[in-house]
A.B. asks: 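The structure that follows is given in the form of structure tokens.
Counting convention: from 1, in listed order, for ligands and their atoms alike. Since this is a predicted model, take the numbers as computed values, not measurements. The first residue in the sequence is number 1, and the count goes up from there.
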Amino acid sequence: MNKDTDNKLKLRNIKPTAMRQLVYDVLSKQKKALSLIEIEQQFENVDRSTIFRTLKTFQDNLLIHSVDDGTGSVKYALCDEDCTCSLNDLHIHFLCTKCGQTHCMKSMPIPNLDLPKDFSFENANFVVKGTCPNCK
Ligand SMILES: [Zn+2]
Ligand SMILES: [Zn+2]
């Protein structure tokens, strides 16, 4: 098994099982965020709930983040190694309206949220829509 993948999982306190390594590899090979169905399509004979549980473990341990891009299916993408999924780590996501692919814009943090008094922050989805370089 891939030592690199192993280490990436261990860094997030995730026990590197074969299934977890495979799902991690699928996510790391893609430049875009993937939905559960897209990840499932990379496997033969793997139960969707197994993949979902794996993603849940990854998300609970901040290895990946989920993206709600408004298309109706939640997508998943790897976090940077030092990501803590706090407000400061959140970035803009770009949804291409032509191919439907969603990309992490990791160099673009979400705008500073100066919420009015008594409103407390929990999470934010900042999605920009447009055309990606492939569809231009
Ligand atoms: Zn596109
Ligand atoms: Zn992202």
Side-chain angles (χ1 to χ4, degrees):
M1 271 297 172
N2 191 329
K3 263 240 150 335
D4 229 42
T5 304
D6 240 53
N7 288 336
K8 290 274 183 344
L9 294 175
K10 281 178 184 157
L11 268 177
R12 294 295 191 176
N13 295 315
I14 300 166
K15 208 173 137 246
T17 63
M19 188 66 215
R20 288 170 182 170
Q21 289 172 326
L22 291 171
V23 172
Y24 179 88
D25 286 343
V26 168
L27 286 164
S28 67
K29 281 193 191 95
Q30 299 284 339
K31 294 265 177 286
K32 53 169 182 152
L34 293 171
S35 68
L36 177 58
I37 290 165
E38 286 172 316
I39 296 168
E40 189 188 16
Q41 283 164 355
Q42 308 286 318
F43 295 98
E44 278 174 45
N45 303 319
V46 177
D47 201 53
R48 186 177 298 179
S49 60
T50 306
I51 298 170
F52 184 76
R53 272 200 309 276
T54 305
L55 292 170
K56 177 92 173 61
T57 304
F58 284 2
Q59 199 173 1
D60 288 348
N61 290 282
L62 311 181
L63 181 68
I64 61 172
H65 57 282
S66 63
V67 186
D68 180 358
D69 59 12
T71 57
S73 50
V74 178
K75 292 174 183 167
Y76 301 91
L78 290 180
C79 290
D80 283 341
E81 239 164 69
D82 56 354
C83 174
T84 59
C85 290
S86 65
L87 181 55
N88 291 331
D89 286 316
L90 295 178
H91 49 258
I92 287 170
H93 289 102
F94 187 96
L95 169 66
C96 174
T97 52
K98 294 223 165 83
C99 64
Q101 295 190 354
T102 299
H103 297 265
C104 290
M105 306 273 108
K106 283 186 174 154
S107 60
M108 298 172 72
I110 65 166
N112 214 347
L113 293 174
D114 198 5
L115 293 171
K117 192 177 172 288
D118 295 333
F119 287 84
S120 65
F121 173 82
E122 203 171 286
N123 200 356
N125 269 298
F126 202 109
V127 180
V128 175
K129 292 178 187 172
T131 313
C132 77
N134 280 337
C135 297
K136 224 176 131 212

A.B. asks: Counting N and O atoms only, with roles assigned by atom type, does the side chain of R48 sit under 3.5 Å from a partner on the main chain of I37, one being a donor and the other an acceptor?
C.D. replies: no
A.B. asks: Using a cut-off of strictly less than 2.8 Å, determine whether H103 has an N/O/S atom near the Zn ion (ligand 2).
C.D. replies: no
A.B. asks: Would a hydrophobic clustering, with Ile, Leu, Val, Met, Phe, Trp and Tyr connected at side-chain separations under 4.5 Å, put L11 with L22?
C.D. replies: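 No, because L11 and L22 fall into different hydrophobic clusters, even though each may have its own neighbours under 4.5 Å.
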A.B. asks: Look at the side-chain heavy atoms of Ile, Leu, Val, Met, Phe, Trp and Tyr, link any pair under 4.5 Å apart, and say whether V26 and I51 land in one connected group.
C.D. replies: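 Same hydrophobic cluster.
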A.B. asks: Return the number of protein N, O or S atoms with a distance to the Zn ion (ligand 1) smaller than 2.8 Å.
C.D. replies: 4
A.B. asks: Quick check: closest heavy atoms across Y76 and Q59, and the distance to 0.1 Å?
C.D. replies: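 Looks like CE2-OE1, 3.9 Å.
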A.B. asks: With the Zn ion (ligand 2) as the reference point, give the N/O/S atom of H65 that is nearest.
C.D. replies: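 The H65 atom nearest to the Zn ion (ligand 2), restricting to N, O or S, is NE2.
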A.B. asks: Determine, using the 4.5 Å side-chain heavy-atom cutoff (strictly less than), whether V67 and L36 are members of one ILVMFWY cluster.
C.D. replies: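 V67 does not cluster with L36.
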A.B. asks: Got a sec: is C104 within less than 2.8 Å of the Zn ion (ligand 2) via an N/O/S atom?
C.D. replies: yes
A.B. asks: Would L78 and V23 show up in the same hydrophobic cluster when neighbours are defined by side-chain heavy atoms closer than 4.5 Å?
C.D. replies: yes
A.B. asks: Quick one: angle H91 NE2 - the Zn ion (ligand 2) - H93 NE2, to the nearest 10°?
C.D. replies: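 An angle of 100° at the metal.
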A.B. asks: Are V127 and M105 in one and the same hydrophobic cluster, where Ile, Leu, Val, Met, Phe, Trp and Tyr link if side-chain heavy atoms are under 4.5 Å apart?
C.D. replies: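 Per the 4.5 Å side-chain linkage, V127 and M105 are not co-clustered.
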A.B. asks: If we only count heavy atoms from C-beta on, is the F58 to R12 side-chain gap below 4.5 Å?
C.D. replies: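 No. Closest side-chain heavy atoms not under 4.5 Å.
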